[in-house]
**Student:** 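Dumping the structure here so I can ask a few things about it.
Below, chains carry the letters A, B, ... as their sequence lines are ordered, and counting in each starts from 1.
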Amino acid sequence: MAKEADDRAGEENVTGAQPEALPTLVDMRGIEKSFPGVRALQNVRFDLRPGEVHALMGENGAGKSTLMKILTGVYQPDGGEIRVDGRPVTLRDPQAAQALGISIIHQELYLMNHLTAAQNIFIGREPRKGFGIFVDEAKLRRDAAAIFRRMRVGIDPAAEVGHMTVARQQLVEIAKALSYDARVLVMDEPTSALNETEVEHLFTVIDDLKANGAGIVYITHKMDEVKRIADRVTVMRDGQYIDTLPAATTPMATIIQMMVGRELADQHRATGRRAEEEVLRVTRLNRGDAIRDVSFALHKGEILGFAGLMGAGRTEVARAIFGADPIDSGEIRVHGRPRRIASPADAVANGIAYLSEDRKHFGLVTGMSVRDNVTMASWGRFMSGGLFMRDGALGDVAKDYVRRLKVKTPHVHQETRLLSGGNQQKVVIAKWLLRDCDILIFDEPTRGIDVGAKAEIYRLLEDLAAQGKAIIVISSELPEVLRLSHRIAVMCEGRITGELDGRTATQEDIMTLATQRAEAA
Amino acid sequence: QETYFPIIAKGFSHQFWQAVKAGAEEAATRNGVTITFEGPNTEAEIDRQTDILNAAIAKAPQGLGFAALDSQAQVPALQQAADAGIPIVAFDSGVESDLPLTTCSTDNIAAAAAAADALAKAIGEEGQIAAVIHDQTSATGIGRRDGFLNRIAEAYPNIEVVDVQYANDALKAADNVKAMLQANPDIKGIFASNEGSAIGLSVALRETGSDIVGVGFDSGRTQKDAIMDGTLLGAITQNPVGIGQCVVDSLVKATKGEELPEVIDTGFYWYDQSNMADPTIAAVLYD
Amino acid sequence: MTDTTLKTSGWGGSRLFTTATVQKAVAFVVLIALLAFFGLFAPNFATWSNMVGIMQATAVNGVLGVAVTFVIISGGIDLSIGTMMTLTAVVAGLLLTNLGMPLPLGIIGAILFGAFMGSISGAVIAYMKIPPFIATLGMMQIARGLALVFSGATPIYFNDTPNYGLLSPVSSISALIPGLEIPNGVLIMFAVAAVSSIVLTRTIVGRMIFALGSNEEAARLSGIKVNRWKILTYAISGGICGVAGLIVSARLNSAQPALGLGYELDAIAAAVIGGTSLSGGRGTVTGTIIGAFIMSVLTNGLRVMGVQEEWKIVVTGAIIIVAVFIDIVLRRKA
Amino acid sequence: MTDTTLKTSGWGGSRLFTTATVQKAVAFVVLIALLAFFGLFAPNFATWSNMVGIMQATAVNGVLGVAVTFVIISGGIDLSIGTMMTLTAVVAGLLLTNLGMPLPLGIIGAILFGAFMGSISGAVIAYMKIPPFIATLGMMQIARGLALVFSGATPIYFNDTPNYGLLSPVSSISALIPGLEIPNGVLIMFAVAAVSSIVLTRTIVGRMIFALGSNEEAARLSGIKVNRWKILTYAISGGICGVAGLIVSARLNSAQPALGLGYELDAIAAAVIGGTSLSGGRGTVTGTIIGAFIMSVLTNGLRVMGVQEEWKIVVTGAIIIVAVFIDIVLRRKA
Ligand SMILES: Nc1ncnc2c1ncn2[C@@H]1O[C@H](COP(=O)(O)OP(=O)(O)OP(=O)(O)O)[C@@H](O)[C@H]1O
Ligand SMILES: Nc1ncnc2c1ncn2[C@@H]1O[C@H](COP(=O)(O)OP(=O)(O)OP(=O)(O)O)[C@@H](O)[C@H]1O
Ligand SMILES: [Mg+2]
Ligand SMILES: [Mg+2]
C-alpha cells in the first residue's frame with residue numbers, strides 16, 4: 001500500500017493506472033484523523049472524477065462519514081493532503097468547501113425545525129429585495145418548488161420541517177444539497193429513510209448531475225444501490241483504505257468480503273414456522289387521520305412485517321401501541337387480556353418494547369455512556385437496597401452486549417454520541433434485548449447498519465422469534481421485510497390494506513397493497 | 001497605626017445612603033481617619049448584611065458603624081465585634097441590644113407622624129387619603145407606615161385611609177399611584193415614604209394632572225422641583241449628612257474613650273415652598 | 001401523487017397558520033378575558049384614563065420584552081436587559097446633561113452605547129463560548145455597577161433638556177388627534193414593536209436569528225457566520241434596551257442608577273406568555289407586546305380592585321402559569 | 001487489534017476521568033488562585049476567622065446551589081429557590097414559635113413543606129407542560145407572596161426555641177475538636193452536599209435525573225416514568241431549599257419574610273461555575289460547592305481589600321464570566 005501511495009505522490013494529473021485523461025476533481029491522500037480514544041482514519045486516500053458516482057463503502061465505524069466531513073470542512077485532518085482540481089487546499093470550515101463547489105448531505109439530519117422547507121434549503125443564500133435586507137420569500141418558495149419538482153416529490157415548500165417525518169426531512173436535506181449546484185456532491189446515506197420510489201427519483205436526479213459533469217460520493221449500506229448507480233467503489237475497513245474497484249465488473253460478494261474481512265452466509269427467506277398462541281391483538285385502533293381502524297394479531301414466535309410507503313402510518317401504529325401517543329379509540333389485548341396502555345412505562349410493564357426509527361431523538365440518551373444506554377430500560381433490576389445502582393453489574397452486562405452485538409466502542413463508558421451511526425443503533429437494540437420483553441416492535445431496525453451487522457441483526461431477530469418472542473418489524477426496505485417476515489401487513493394512509501404470507505409474497509404484491517388508497521369522497 | 005472604620009449601611013445605591021456616605025466621608029477627612037461605606041443590594045438581604053459585617057470585623061478595625069436591617073437578627077454578629085473590642089455605633093435604626101455605644105438616628109415614627117399632620121392640615125382634616133410605602137418588611141418602611149397611619153387614626157377621625165400600596169422603585173410607584181387614584185377618585189392626599197416612592201408620586205400626579213395633596217419623604221432634586229412647582233406640598237427630610245457625620249464623630253470619640261449618650265437624634269424637618277431656602281433646611285437637603 | 005401533494009400542501013398551509021397567527025391570537029384571548037374580568041369586577045377599571053395608565057405601565061416592559069424576544073428566538077437569553085436599560089439611561093444623562101449634547105445626538109448615543117454593550121455580551125457568548133445565561137448574568141452585574149460608577153450613584157436630571165419629556169410622558173399625537181392622549185412612550189413602544197416585527201419576519205437578519213435558534217449547528221454547517229449574527233442579535237437587544245432607558249428616564253425626568261434589577265424576569269415572562277419558546281426558534285413580537293399587556297393589566301386590575309399586596313404577588317405568580325397553560329392548551333388544540 | 005483496544009481503553013479511562021473529575025478540579029484551581037491572590041493582596045484576608053466568615057457566607061448559597069444542581073442536571077431550572085427558602089423559614093417559624101412544636105418536628109415539617117411546594121412546581125411542569133422557567137418564575141412569586149401572608153409581613157423570631165441556633169451559628173464540632181470553630185450551618189452544607197452527591201452518582205434517583213436531563217423523550221420511550229421522576233427532582237430541590245431556610249433563619253434567629261429575591265441567580269451561577277451544564281445531563285455537587293465558594297471568596301476578598309461597592313459589582317460580574325471561561329478552556333484542553 002505504501003508503495004502505491006508513493007507512486008501517486010509523483011505527478012499531479014496522473015491518477016494511478018486509470019487510462020482516462022479526465023482530471024481529478026478531488027484527490028485526498030494520506031488522510032489521518034484521531035478522536036479521543038479512536039483512530040478514525042489512517043493514511044486514507046480517495047479520489048473523485050467529474051461525471052462519476054464513486055461509492056464509499058465500509059462497515060459501521062469504518063470512517064466513511066469522518067472522511068467526508070474532512071472533505072467538507074467540518075473536521076480538520078490531523079495529516080494528509082487534499083487537492084481540488086489538482087491544487088492543494090485547506091478547508092478551514094464548511095464555507096471554504098462550499099466556495100470550492102463541494103456540498104454534502106449529512107448522514108444525521110441537520111435541519112432547522114422551525115423554518116419551512118424552502119427557508120431551510122436556501123438558508124444563508126436567500127434571494128434578496130429592497131436594498132438587500134429583505135428576503136424575497138416568493139422567489140424562495142418558487143426556487144424550492146422547482147427543486148422538489150426536479151426530485152419529483154410532493155413537499156410543500158412552505159411547510160415547517162419540524163412537522164415532517166424523517167423521510168421528508170431527508171428529502172429536504174437532499175434538495176438543499178442539490179440547490180448548491182455543486183461540482184462535488186457528497187451523499188452520506190441519503191436514502192436510509194426513503195422508500196423505493198423516492199430512491200428511484202433520486203437516482204434519476206443523480207444521473208442528471210453526472211451528465212452535467214458533477215462528481216458524486218455516495219455512501220450507503222444498500223448493495224443494490226451501488227450496483228445501480230456507482231461507477232467505482234472504494235472500500236474502507238477500520239479506518240484504513242482497502243481498495244478501489246470498478247463497480248460494474250466487481251461482484252458484490254467481493255466488495256462485501258473486503259468490507260467485513262470475511263465471507264457472509266447467503267440470504268434466505270423466512271421459514272413458515274409459528275406458534276398459535278396469540279400474544280398481542282389490536283382491534284379497531286384509531287388516532288386522527290394517521291391511524292384508521294387498524295386491527296391485527298401477533299403470535300408467539302412470529303415475525304410480523306409492516307410494509308408501506310412513507311407516511312403510511314406504520315410508525316404511528318407502533319407508537320400508539322407503545323403508549324407513546326394517545327389514541328382516540330381501540331382495544332389492545334396482551335396475552336388475551338385487554339390492557340390500558342397510556343404511557344411507554346405501561347407498555348414496558350406489559351412486556352412491549354419499541355425501537356424507534358429516530359434513534360438520535362428518541363432512542364439514545366446521547367450524552368450518557370454506552371453502559372447507561374444499554375441498561376436504562378432495566379435499571380430497576382440492577383439495584384441494591386432499593387436505591388443504589390450496582391454499577392459493576394451494569395458494566396458487566398453492557399460489556400456482554402457490546403461483545404455480542406459487536407458494537408465498536410473503546411469501552412462501555414464512551415458517550416454514545418461519539419459512536420458511529422450504526423453502532424448507536426446497536427446500542428439501542430441492546431437496550432431492548434436486555435429488557436427481555438415478550439413483544440418487540442422494531443421500527444427500521446437496520447437503518448444505517450452495514451451489511452455484516454445487518455445479517456447479524458437478522459439472525460438475532462430470528463433467534464428471538466425462535467425463543468418465542470413475538471416481533472413486529474417495520475421496514476421500508478422490501479427485501480428486508482420479505483427476508484424476515486412470517487406474515488406481512490401492508491399499510492396505506494393509516495389503514496391496513498392487506499395481509500400477505502411471508503413465504504410467498506413478492507415485492508409487487510406489497511406495492512399493490514401499499515398504493516391501494518381508500519375510495520373516499 | 002491608621003484609624004479605620006467600616007460603615008455598613010442598609011444599602012448604598014439610593015440617594016439617602018449616598019448622602020449619609022457624603023457626611024461620613026466629610027467627618028472622616030475632618031478627623032483624619034479612613035472609612036469604607038458598604039451595604040447590601042436591597043433592604044431584604046439581611047443575611048448578606050451579616051456577611052458584610054463579618055468581613056468588616058475580619059479587618060480588625062478600630063470602630064464600626066452599623067445600620068441594622070433587623071433590630072434583632074444581627075445581634076450575635078455584633079457580639080463578635082464587641083468581643084473583639086471593636087466599638088460599635090448604630091445609625092439610622094437601632095439594635096435591640098446595649099452593644100452599640102450610641103445610635104445616630106431619626107425617629108422614623110415621629111417623622112412620619114409629622115408628615116401625617118402636614119397632609120391632614122392641607123386637606124382640611126377630612127376626606128380620603130392613601131399612602132405608598134417603600135417597603136413592607138423593613139424597619140424604616142414599617143416605622144414610617146405605622147407612624148403615619150397611627151397618627152391619622154389617633155388625631156384625625158374624619159380622615160379615612162383608603163389604600164396602602166408598596167413600591168420602592170420610582171417607575172413602579174408611579175404606576176401604583178395612578179392605579180390608586182383610579183380606584184379611589186375621591187382621594188384628597190397621598191403620602192410617599194421615601195425618595196423613590198415620592199418621585200413616583202410626583203410623576204403620577206404630573207401625568208394625571210391631579211391636584212391632590214402629595215407629601216413626600218427624604219430629599220433629592222425631583223422632590224425639590226416637585227415641591228417648587230406645586231406638584232407636591234412638601235416633604236419630611238431627615239438629616240442624612242448629619243447622620244453620617246454623627247457616626248464617624250461618635251466613633252472617633254469612642255476610640256478616645258469619651259462617654260456617649262444612648263441616642264443621638266439627628267432630627268428631621270418638614271420642608272415646603274415656604275422654608276426650602278432657609279439655611280438650616282437647605283443644609284439638610286441634597287440633590 | 002398529485003393528490004398527496006395537494007393534501008400535504010393543504011396541511012402545511014394550515015400548520016403555518018397555526019404556529020404564527022394562532023399563537024398570538026391565544027395570548028390575545030387571555031388579554032381580552034382579563035380585561036373583561038376586571039371591567040366587570042373592578043369599579044373604575046374600564047376608563048380611558050386607566051387604559052392610558054396601563055399602556056404607560058406597559059411601555060418599558062414591552063420594549064424590554066421585545067429586546068429579549070430577539071435573543072430568546074435566537075436560542076439565547078438576556079438577563080442584563082434591566083440593568084442595561086438603567087446604564088443607557090445614565091449614559092443619556094451624561095451625554096445630555098453633563099456634556100450638554102443636543103437631544104438627537106444624546107438619543108443616538110445612548111442607543112448605540114446599548115448596542116455596543118450588547119455586542120460585548122454577544123462576543124463573549126460567541127467567541128468565549130460562555131452560556132448566554134452566565135454571560136448576561138455577568139453583564140447584568142457589570143451594567144449595574146457601571147451605572148452606579150458613571151452616575152456617581154446619584155440620579156442625573158434632565159432639567160436642562162426641556163424636550164426630553166417628548167420621549168415619553170408627553171402626548172404628541174393628541175395635538176394631531178385631540179382626545180387621543182396616548183403618551184409618546186407608548187407610541188415608541190409600538191414603533192419599536194412594528195420595526196422589530198418586520199426585522200424578524202421579513203429581513204435576512206430575522207431569518208438568521210430564527211435559524212440560529214432552531215439549530216445552530218445546522219446553520220453553521222450551512223455556511224452561516226453564526227458568531228457574527230449572534231453578536232448582532234445581542235447588539236439589537238442592547239440597542240432596544242437603550243430605547244427603554246430613554247423612555248424610563250424621560251418619564252422620571254431623571255436617570256435613576258439603582259433601577260432595573262428584576263426587570264429582566266418580567267420581560268422574559270412577557271415574551272413567554274406571548275408564545276415565544278425559551279428553547280429558541282419560535283416567537284413573535286406581537287405576542288410579546290400582548291404578553292406585556294397581560295402582565296400590566298393584571299397588576300393594574302388587582303391594584304384597582306384593592307387586593308392586598310401579599311396576595312397580589314401570589315395571584316400574579318399563579319396567573320403567569322395559568323396564562324402560559326392556556327396558551328399551551330389552545331395551541332395544542334389549534 | 002489487541003494493541004488498539006488496550007490503547008483506546010487506556011485513553012478512555014482518562015476520558016472518564018476528564019469529564020467528571022477534571023471538571024471539578026478546574027473549578028478548584030480557580031478557587032485556589034483566588035484564595036492565593038487575596039491572601040497576597042488583601043491584608044487580614046488570610047485569617048482563620050475570615051475563613052470561617054467566608055464559609056458561613058457560602059452556606060446558604062451552597063445549599064441553594066445544590067438544590068438547583070439537581071434541577072439543572074434534570075434539564076430544568078428552578079427560579080423559586082430563593083423565595084422557597086424564605087417560605088420554608090417562615091413555616092419553620094410558624095411551627096416552632098407560633099405552634100410551639102418541638103425542634104425536630106419543626107425542622108422536619110419545614111423541609112417536608114419545601115419538598116411539597118417543590119413537588120407542586122414539578123407537577124405543573126410535568127403534567128401541565130409549562131416550561132420550567134415559567135413554572136418556577138410563577139412559583140417564585142407565589143412563595144414570596146405566601147411568605148408574606150403566613151408571616152403577616154413581619155419577621156418571626158425564634159427566641160422561644162433556644163436550641164434553634166444549633167442549626168447554624170453555633171459550632172458543635174469545636175466541642176469535639178477545640179479550635180475548629182466551624183459553624184454548624186457550614187457543616188450542614190457539607191452534609192447536604194455529601195448526601196446529594198451520593199444520591200446523584202450512586203442511586204437510581206440520580207441516574208434518572210441524568211437521563212431526564214440528557215434526553216427526556218428517549219427516557220420516556222425506554223419505559224421510564226418521566227413525570228414522577230421530574231416531580232421528585234423538584235421536590236428534592238424544594239426540600240433542600242427547606243434546609244437553606246433553616247440555616248438562614250437560625251443564623252438570623254428569625255424568619256425574614258422579604259429575603260430571598262435574587263438568590264436564585266447566585267445559586268445558578270454557583271452551579272454553572274462549578275461545571276453544571278444549563279442544557280442538562282451534566283454536573284456535580286462538588287463542583288457547585290466549589291462554585292459557591294468561588295463566589296463568596298470573591299465577594300469577601302474584594303470587601304476586605306476595600307474595593308468600592310460599585311466596582312465590586314462590576315468586578316464580580318466580570319469574574320463570573322472569567323471563571324466559567326477558564327472552566328471551559330481547561331476542560332476543552334483536558
Ligand atoms: N466526534 C467524534 N469523537 C470521537 N469519536 C468519533 C467522532 N466521530 C466519529 N468517531 C469515531 O470514528 C469512527 C468512524 O466514524 P464514522 O462516523 O466516520 O463511521 P462511518 O463509517 O460513517 O460509520 P456508519 O456507517 O455507522 O455511519 C467511529 O469509531 C466513531 O466512533
Ligand atoms: N410532512 C408531513 N406533513 C403532514 N403530515 C405528514 C407529513 N409526513 C407524514 N405525515 C402524516 O403522518 C402520518 C404517518 O406517518 P408515519 O411516520 O407513521 O408513517 P410511516 O408509515 O411510519 O412512514 P415512515 O416512517 O417511513 O416515514 C400520516 O397521517 C401522514 O399524513
Ligand atoms: Mg457514517
Ligand atoms: Mg416510520
**Student:** Check whether A/F322 gets within reach of chain D through its side chain, its backbone, both or neither, counting any heavy atom under 4.5 Å.
**Tutor:**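 Side chain only.
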**Student:** Answer yes or no: does atom CZ of A/F382 have more than 12 heavy-atom neighbours from other residues, nucleotides or ligands under 6.0 Å?
**Tutor:**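 Counting neighbours around CZ of A/F382, more than 12 heavy atoms of other residues, nucleotides or ligands fall under 6.0 Å, so yes.
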**Student:** Would you call A/D372 and D/F210 a side-chain contact if the rule is heavy atoms closer than 4.5 Å?
**Tutor:**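 No - every pair of side-chain heavy atoms lies 4.5 Å or more apart.
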**Student:** Roughly how far, to the nearest 0.5 Å, is CH2 of A/W379 from OG of D/S222?
**Tutor:**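 Those atoms lie 8.0 Å apart.
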**Student:** Quick one: what part of A/A347 sits under 4.5 Å from any heavy atom of chain D, side chain, backbone, both or neither?
**Tutor:**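 Interface part for A/A347: neither.
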**Student:** Under 4.5 Å between any side-chain heavy atoms of A/K360 and D/N215, yes or no?
**Tutor:**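 The answer is no, as the side chains (C-beta and beyond) never meet within the 4.5 Å cut-off.
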**Student:** For D/R220 and A/G323, which heavy atoms make the closest approach, and how far apart are they?
**Tutor:**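 Taking every non-hydrogen atom into account, NH1-O, 4.1 Å.
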**Student:** Looking only at heavy atoms, which two atoms of D/S214 and A/M368 are closest? And how far apart?
**Tutor:**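 Heavy atoms of D/S214 and A/M368 come nearest at OG-CG, 3.6 Å.
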**Student:** Can you tell me which portion of A/N373 sits under 4.5 Å from chain D's heavy atoms? Options are side chain, backbone, both or neither.
**Tutor:**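 Neither part.
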**Student:** Does a sphere of radius 6.0 Å around CZ in D/R228 hold more than 12 heavy atoms from other residues, nucleotides or ligands, not counting ones at 6.0 Å or beyond?
**Tutor:**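 Check fails, neighbour count at 12 or below.
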**Student:** Side chain, backbone, both or neither: which part of A/K408 has a non-hydrogen atom closer than 4.5 Å to chain D?
**Tutor:**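 Contact with chain D involves no heavy atom of A/K408 at all.
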**Student:** Using side-chain heavy atoms (C-beta onward) and a distance below 4.5 Å, is A/M389 in contact with D/T203?
**Tutor:**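 In short, these two side chains do not touch, never coming nearer than 4.5 Å.
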**Student:** Please report the closest heavy-atom contact between A/V365 and D/A218, naming both atoms and the distance.
**Tutor:**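 Shortest heavy-atom separation between A/V365 and D/A218 comes out as CG2-CB, 4.0 Å.
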**Student:** I'd like to know which of D/I204, D/T201, D/I198 tops the heavy-atom pair count under 4.5 Å against chain A.
**Tutor:**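 Winner by heavy-atom pair count: D/I204.
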**Student:** Between A/F362 and D/L221, what is the shortest heavy-atom contact and its length?
**Tutor:**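 Scanning both residues, the minimum pair turns out to be CB-CD1, 3.3 Å.
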**Student:** So which of A/R319, A/R435, A/H361 has the largest heavy-atom pair count under 4.5 angstrom toward chain D?
**Tutor:**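 Heavy-atom pairs under 4.5 Å are most numerous for A/H361.
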**Student:** Would you mind checking which part of A/M376 comes under 4.5 Å of any heavy atom in chain D, side chain (CB onward), backbone (N, CA, C, O), both or neither?
**Tutor:**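 Looking at A/M376, backbone and side chain both touch chain D.
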**Student:** With chain D as the partner, which of A/V348, A/L364, A/L387 has the greatest number of non-hydrogen pairs under 4.5 Å?
**Tutor:**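 Greatest number of close heavy-atom pairs with chain D: A/L387.
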**Student:** Taking every heavy-atom pair that is under 4.5 Å apart, which of D/R202, D/E217, D/R207 has the most such pairs with chain A?
**Tutor:**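 The candidate making the most pairs under 4.5 Å is D/R207.
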**Student:** Answer yes when A/D346 and D/K225 have at least one side-chain N-carboxylate O distance shorter than 4.0 Å, and no when they do not.
**Tutor:**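 No.
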